[in-house]
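Order of appearance sets the numbers: ligands from 1, and atoms from 1 within every ligand. All of these numbers come straight from a predicted model, not from anything done at the bench.
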Amino acid sequence: MVKKKTCVFISGQGSNLKNLISYSRKVNFPIKISLVISNNKKANGINYAKKYRIPYVFINTKVQNYNNKILLNLKKYNISFICLAGYMKIISNNLIKNYQKKIINIHPSLLPKFKGLNTFSRMIKNKETKAGCTVHYVNKKLDSGNTIIQKSFFLGVKDDEEILKKKTQKLEHLAFPEAIIKIFRNSSF
Ligand code: GAR
């Protein structure tokens with residue numbers, strides 16, 4: 001099996017990146033992580049790229065031509081698939097056009113509920129009974145592309161933001177790899 005050359009975009013902790021790296025090292029997992037892009041120089045996730053000798057690039061999204069820089073790097077490493085794993089920046093339309101149906105994102109809510117930021121505090125405020133995560137395709141509208149996989153759990157009475165985040169991330173670490181397996185099993189990618 002030829003593994004698809006994949007770039008993972010991150011901004012912070014990188015627990016999903018770490019998890020995807022460990023899956024991608026398995027023989028039958030369909031992707032190889034060939035590049036990590038971070039818009040945050042201090043993202044902890046960069047340490048995982050270093051540890052596993054994966055090329056990584058810091059992209060300063062405050063400079064005007066940063067989108068070209070992203071595309072050039074994706075071309076340079078022959079990237080054919082993109083995973084957004086805690087990337088807290090909106091992807092440009094040009095990138096979406098270049099990678100139609102080839103960019104996926106993980107979001108810490110049961111979309112279409114709670115698009116955007118601060119999902120956990122909004123869930124608690126809203127007295128939700130169910131929480132979870134969604135892996136979806138990325139399109140031009142924020143957190144609105146087709147869902148690939150969703151995983152959910154019932155909120156406990158004591159669940160605060162921190163507990164919700166922990167429970168959600170535990171599910172994310174199952175959902176992201178499952179979604180990738182599903183994509184490559186079903187499609188003539
Ligand atoms: C994840 O929980 C992911 O769902 C969320 O950021 C976290 C990153 O964690 N993404 C978003 O909120 C995107 N809107 P990680 O850096 O440990 O993988």
query = Considering only heavy atoms of Gly86, which atoms of ligand 1 have at least one such atom less than 4.0 Å away?
reply = 6 (O), 8 (C), 10 (N)

query = Is Gly14 close to ligand 1, meaning an N/O of one under 3.5 Å from an N/O of the other?
reply = yes

message = Could you identify the single nearest non-hydrogen protein atom to atom 9 (O) of ligand 1 and state the distance to 0.1 Å?
response = Gln169 NE2, 3.0 Å

message = At under 4.0 Å between heavy atoms, is it the side chain or the backbone of Glu172 that contacts ligand 1, or both, or neither?
response = side chain

query = Taking distance alone, with no angle check, do Asn16 and ligand 1 share an N/O pair under 3.5 Å?
reply = yes

request  = Evaluate the ring-ring contact (aromatic ring centres under 6.0 Å, His included) criterion for residues Phe114 and Phe120: first the C-alpha distance (whole Å), next the side-chain angles of each, then the deciding distance (0.1 Å), finally the verdict.
outcome  = CA-CA 9 Å; Phe114 306 106; Phe120 303 126; 9.7 Å; no

request  = Using a strict 4.0 Å cut-off to heavy atoms of His107, name the atoms of ligand 1 that fall inside it.
outcome  = 4 (O), 14 (N)

request  = Determine, for Tyr137 and Lys101, whether the Lys NZ or Arg CZ falls below 6.0 Å from the six-membered ring centre while staying within 45 degrees of the axis.
outcome  = yes

ask   = Angle class for the Tyr87/Phe9 ring planes (parallel below 30°, perpendicular above 60°, tilted otherwise)?
value = perpendicular

task = Would you check the N or O atoms of Asp143, main chain and side chain alike, for any that come under 3.5 Å of an N or O of ligand 1?
result = no

message = Counting only heavy atoms from other residues, nucleotides and ligands, does the tally under 6.0 Å from NZ of Lys18 exceed 12?
response = no

inquiry  = Tell me if the NZ atom of Lys102 is crowded by more than 12 foreign heavy atoms within 6.0 Å.
reply    = yes

inquiry  = I'd like to know if the side chain of Lys3 pairs up with that of Ser24 as donor and acceptor (distance under 3.5 Å, no hydrogens or angles considered).
reply    = no

ask   = Is there a side-chain contact between Val135 and Thr147 (heavy atoms, below 4.5 Å)?
value = no

Where ligand 1 meets Gln13 - atom numbers and elements under 4.0 angstrom, heavy-atom basis = 16 (O), 17 (O)

request  = Check if Lys18 has a non-hydrogen atom at a distance under 4.0 Å from any atom of ligand 1.
outcome  = no

remark   = closest protein heavy atom to atom 13 (C) of ligand 1 is Met88 SD, 3.8 Å

message = Considering non-hydrogen atoms of the protein only, which is the closest contact for atom 5 (C) of ligand 1, and what is the distance?
response = Pro108 CD, 3.9 Å

task = Below 4.0 angstrom from a heavy atom of Ser15, which ligand 1 atoms are there? Numbered from 1 as shown, please.
result = 15 (P), 16 (O), 17 (O), 18 (O)

request  = Within a distance under 4.0 Å of any heavy atom of Ile106, pick out the atoms of ligand 1 and give their elements.
outcome  = 3 (C), 4 (O), 10 (N)

task = To the nearest 0.5 angstrom, please state how far the CD atom of Gln150 sits from the NE2 atom of His107.
result = 10.5 Å

ask   = Looking at Tyr23, is Lys26 sitting on its ring face, NZ or CZ under 6.0 Å from the six-membered ring centre and within 45 degrees of the normal?
value = yes

